[in-house]
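Notes to accompany the following structure.
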Amino acid sequence: MTLARVMILHAPGTNRDRDIALACQMAGGDPEIVHINQLAAGSKSLEAYQMLVVPGGFSYGDDLGAGRLWATDLVHRFRAQLDAFVAAGKPVLGICNGFQTLVKAGYLPGPAPEQRVTLTNNVSAKFECRWVRLRPAANSRSLFTAGMEEDIFCPVAHGEGRLVAPDEAALQALSDKGLVALYYVTEDGASPAGYPANPSGSQSDIAGICNAAGNVMGLMPHPENHIIAQQHPRWTAGASGNRGLVLFSNGVRAAAQFI
Amino acid sequence: MERLVRIEVLPRADEAPTDFPLSDIRALGIQSVRYVKRHPLYFLYGALSDMEVERLSRELLADRIIERAVASDWDAPLAVNPGEQRIEVGLLQGVTDTVADNLVARAYLLGIRGLSAASTAVSYRIASEGALSPEVLQQIADHLLCNQVIEFYALGALPPHIGTPHATAHIRVETVPLRELDDDALLGLSRVRLLSLDLAEMHAVQAYYREAGREPTDVELESIAQTWSEHCVHKTFKGIVEYREETADGTREQRIDSLIKTYLQAATNQINAPWVLSAFVDNAGIIAFDEQFEISFKAETHNHPSALEPFGGANTGVGGVVRDIMGVSARPIANTDVFCFGPLDIPPEDLPAGVLHPRRIYNGVVDGVEDYGNKMGIPTVNGAILFEPGYVANPLVYCGCVGIAPRGLHVSQAQPGDLVVVLGGRTGRDGLHGATFSSIELTDETGETSGGAVQIGNPIVEKMVLDALLVCRDRRLYNAITDCGAGGLSSAVSEMGEATGVEVNLERVPLKYDGLQPWEIWLSEAQERMVIAVSPSNEAAVRQVCEHFSVEMTVIGTFGTRGRLLLKYEDELVADLEMRFLHKGVPRRTLKGVWVERREADPVLTPATSLGEDLLAIMAHPNLRSKEDVVRKYDHEVQGGTFIKPFVGLHLDGPSDGAVIRPLDASESWRGFALGCGINPAYGEIDPHAMAVAAIDEAVRNVVCVGADPAQVAILDNFCWGNPKLPDRMGSLVRACQGCYDGALQFGTPFISGKDSLNNEYLDTVSGQQVAIPPSLLISAIGIVPDVRRSCSMDFKAAGNCLYVVGETRPELGGSYYYRLHGEVGSSVPRAAAQGPAIAAALHKAIAASLVRACHDCSEGGLAAALAEMALAGRLGAQVSLQELPCPPQAAREDAWLLFSESLSRYVVEVAPEHAAAFETAMGDLPWGALGEVTAEARLVIAGLAGNAIDLEVTELVQAFNGHIGGKEQA
């Protein structure tokens, strides 16, 4: 059986690419870490893949703002192939720095290349690594959250994860149009999440958003770091479930139709 | 037309009440400041149209949703809001400005070709009740906003700082006459050139050049000084010690031929563990992980740099130890860090001259570690933070790193004919004299004279080099590898070429800017550089890999000169040294050490406080209470293998004994490893031997608690001490080394690597006062966890479970937190527990058999603190009694020491009732006692000899433990 090919894009400073490769593999995909220099040189091309993940890390050291420089790569060097990939409906997932990149390149909420929202410094003004609970929005258009039956429990690790829309109307439109994919909720599953359940102070507790077609999604937390039972912070007390693997499984399943 | 544009990036809406902690400003005695807002500032230079400036602002500098860019010509008057004043801070010329470098490169990508240079800065807007005087503004800038080692500032508009100031320097190699110098002049030369060589060493240098019939060049002299520095050759640990010990039993004298050989390596050799693959010889120690992989571990210190520039010092401390791991061909997979600071609440006027406030050091160090570890994508999973007055002038920053590599791929023998290849960062003036600088005592003038010794990190470059090197390793493209650490290329290249000799063309070394003198190129400690030895047939392949990862690589020379170090600059020979002299010519030191036993009796206490109040006070002690607000700044989840995390329990705020990692590289098996550490300088004040034994015992306990097999635990030593030429300092160092030997042999835990940082003293040139740090030994442990699915955490799991204590409690309150709480030190410091190794082994078997629900060691704060931490972590209570606590039969039982004694090799264990019988059988004849049980009511009740000794709500414990440690104020 042919597996869906997943390109995991790597820029200087990317660091969760291997974590994601394991998640994609467990989800039944065929992941490959591709350096942007390979994309630039033409030795690799997006069209040979059915899914794209833009991973976390500190691309270009977060210089000039998280994701800013990588976004200029996407917009100024690879726009044609990325536009075609997105237009074809192939799944694209941005996680953490990858989410920041897709937002700043305008692919989220889209259409590119106009940046419509931003991800900026946490209200706490510091980097934080802690576990959060994510609930799919009832009207989420994202193919990644489709059919999710339970919340995801996974860590965040970022200092610039607060989603900010230019105004109230734009923020409202995100949720009205089904462009919010995931919300932070409290550990008990309640809303509003408040700090630290919403660790960044993100507006409306938004943890992840998608495009109108639902095939591009980004989120700040790291579902790839809860794919194994023993990654759960309370597994020694018998806690289990709420893994992040479902996002990758949904993505790989959607990608398979493009093989 | 070329122009210089100033761009300020301002928020569209000011959200935060202040961007800078006002508490820090108030700590300077300045009360009137209402807020400080910071925003980025850029200077762009080049042939730029208004439209191009606008486009750069929009696409690269300002986030259009929340920010706006304000561009002006640089000399336009600064628009200052009413009621605000400005301080602007920029980087000194020559200091790496990666943001600016990226900006110039990106402008080119956007098609803006006219931007030829850029620089970045920060503008602070300060509002206060009434305008601040220039003196007050200066005070704020000097103390809080600007570190003049790497930055400069202006009150008002910053003058632009673009250009290459060093470009005009004339390249020359000096000859330094020393053959005719007398002793005073030799010492003067050593001092003036920051060589840190003593008279015997200067005599050896003089003899060499008399023999050679010429004078040394500056390059040669600097090379010798670096190679012979304490940092690089460990003259104290390899020297001869005439040691005298005065105890109640009389005086004993001993001549010790090398501390490292006699105690540290000797322990490893005698233990002779088959799974130790490399100890003491390489950049890091290496043990077998399984048939397929090996694990490397190393811990370093970066104390002096962190004292002067906390962020940069700690930042490059992490970068350096990570490169040590890269230097054994491994992928870094976990970081550890331990810090020792002065008390955060010390009044500024009590600080010695020239010393940064501990709060500033603390903030900078934490941020520096966070920056490097997080950006490298390495989980930071274990550590400790201590606050003691003895660290005010000399903070300690220990950084550790663990790596994994397939077995058999690490090579370390350069072949004659191999090329000397340098990878990664460019070379600049940063970090000159770091190796020799670390061997001198700090004074209030050190910041000014040794500014160059502070280095600047760029973790992303190191990450890129790592990515490239791992590919080179897997394709076997190099024959030897080492990192550029202290001593720069001089240390790295000459060590690699010790056997073969090496020739280097210094002008080929890629520079950050022109104008470096040849000796500066050779000695620079610029960061993120690695050196590999590559056979000419592999050069093209290495180049291809480096291009793939955008890593700069340069061939700078060739190995194989029949034992000589030959350095050329263009066509001129600037150094010609025999490798044998360079590496073996340093005269051995003979040092005197004296240790006098402390002979005070323990105090008799009649405290006014209850034992419960004492427990809460101990839980809230700055050294013991939660460090969660620091630890959560570190990414401890990246790489997906952290199976026991730094914080565990119901609300994930219980302090884990150790971390357990299942490496991503080895994700096909369930094998993992645990990390732990032990450090307790308070014991060292009583007896450094006891401190060493206790640190080993604690490090072993930590890893055993979470599931490591004590038969497969390796340890690292890190000694931070005062000036070894002073006999009392040296004597305590000897005592500690003897304790290391005894402790390691007792537990069968070989040392696989170690490091010493000496001369942690501060000389206040104003008062003439000389202060040494408390002797501080850090023991780091790494232990194999055979099956990570059987690892264990310390939080109470379920009401009704049985509680046991394993190990003997003795009246050992010397150096305890209980005594400290009551202003005492005492002398009954915890001593080795003979049954410690048997307890660890039995407990491991029980944990591996899943008989144990929770396990926590008794350390600082004793049994009481251990129970309290387990209770707060699980938000469950306990009803326990001290009746069955195993104690020496002759000891007169008292609640206070039963609760708070810090006796070694003790564990509190939670066992489900159905496993109780099996657990008791497993503990057999070892000292163990049933304590009581876990209760649903969240209340810790400890019945003492008569009535309840302690009766506290778990919420009280949580509050005491989770109180803030006086870090950054949020508002």
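Each chain gets a letter, A, B and so on, in the order the sequences are listed, and its residues count up from 1.
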- Comparing B:H651, B:R789, B:R853, B:R12 against chain A, the one with the most heavy-atom pairs below 4.5 Å turns out to be B:R789
Side chain, backbone, both or neither: which part of [X] has a heavy atom under 4.5 Å from chain A?
{"X": "B:D101", "result": "neither"}
{"X": "B:Q639", "result": "both"}
{"X": "B:F796", "result": "neither"}
{"X": "B:V788", "result": "backbone"}
{"X": "B:A62", "result": "backbone"}

- Task: Please step through salt bridge (Lys or Arg N to Asp or Glu O under 4.0 Å) for the pair B:K375 and A:D62, ending with a clear verdict.
- Result: CA-CA 9 Å; B:K375 287 185 173 171; A:D62 274 2; 5.8 Å; no
Between [Y] and [X], does any NZ, NE, NH1 or NH2 come within less than 4.0 Å of an OD or OE carboxylate oxygen?
{"X": "A:D63", "Y": "B:R106", "result": "no"}
{"X": "A:R16", "Y": "B:E637", "result": "no"}
{"X": "B:D629", "Y": "A:K126", "result": "no"}

- Item | Side chain to side chain, B:F647 and A:R130, heavy atoms closer than 4.5 Å |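 They are not in contact (no side-chain heavy atoms under 4.5 Å apart), so the answer is no.
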- Task: Show the numbers, then the answer: is there a side-chain contact (heavy atoms from CB on, under 4.5 Å) between A:L64 and B:Y42?
- Result: CA-CA 10 Å; A:L64 296 169; B:Y42 301 91; 3.6 Å; yes
- Working for side-chain contact (heavy atoms from CB on, under 4.5 Å), residues B:L664 and A:D19: CA-CA 8 Å; B:L664 184 54; A:D19 310 28; 3.8 Å; yes
- Message: Between B:L61 and A:R68, does the side-chain contact (heavy atoms from CB on, under 4.5 Å) criterion hold? Intermediate values first, please.
- Response: CA-CA 9 Å; B:L61 302 182; A:R68 171 66 57 197; over 6 Å; no
- Which value, rounded to the nearest 0.5 Å, describes the distance between B:S667 atom OG and A:M26 atom CE?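 Between B:S667 OG and A:M26 CE, I get 9.0 Å after rounding to 0.5 Å.
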- Go through the atoms of A:V117 and report whether side chain, backbone, both or neither lie under 4.5 Å from a heavy atom of chain B.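 The backbone, not the side chain.
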- Message: So, applying side chain to side chain contact (heavy atoms under 4.5 Å, CB included) with A:L69, which one of B:N102, B:L103, B:V99 is it?
- Response: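 Going through B:N102, B:L103, B:V99 one by one, the side chain to side chain contact (heavy atoms under 4.5 Å, CB included) with A:L69 is satisfied by B:N102 alone.
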- Item | Heavy-atom pair of closest approach, residues B:E59 and A:H76 |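 So the two residues come closest at OE1-NE2, 2.8 Å.
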- Task: Consider only side-chain N and O atoms of B:D467 and A:H10, and report whether a donor and an acceptor are under 3.5 Å apart.
- Result: yes
- Just do the side chain to side chain donor-acceptor pair (under 3.5 Å) check on B:E547 and A:N37 with the steps written out, would you? CA-CA 9 Å; B:E547 275 169 13; A:N37 285 350; over 6 Å; no
- For side-chain contact (heavy atoms from CB on, under 4.5 Å), just list the numbers for B:V648 and A:T236, CA-CA rounded to whole Å, side-chain angles, deciding distance to a tenth of an Å, and then say yes or no. CA-CA 9 Å; B:V648 296; A:T236 54; 5.9 Å; no
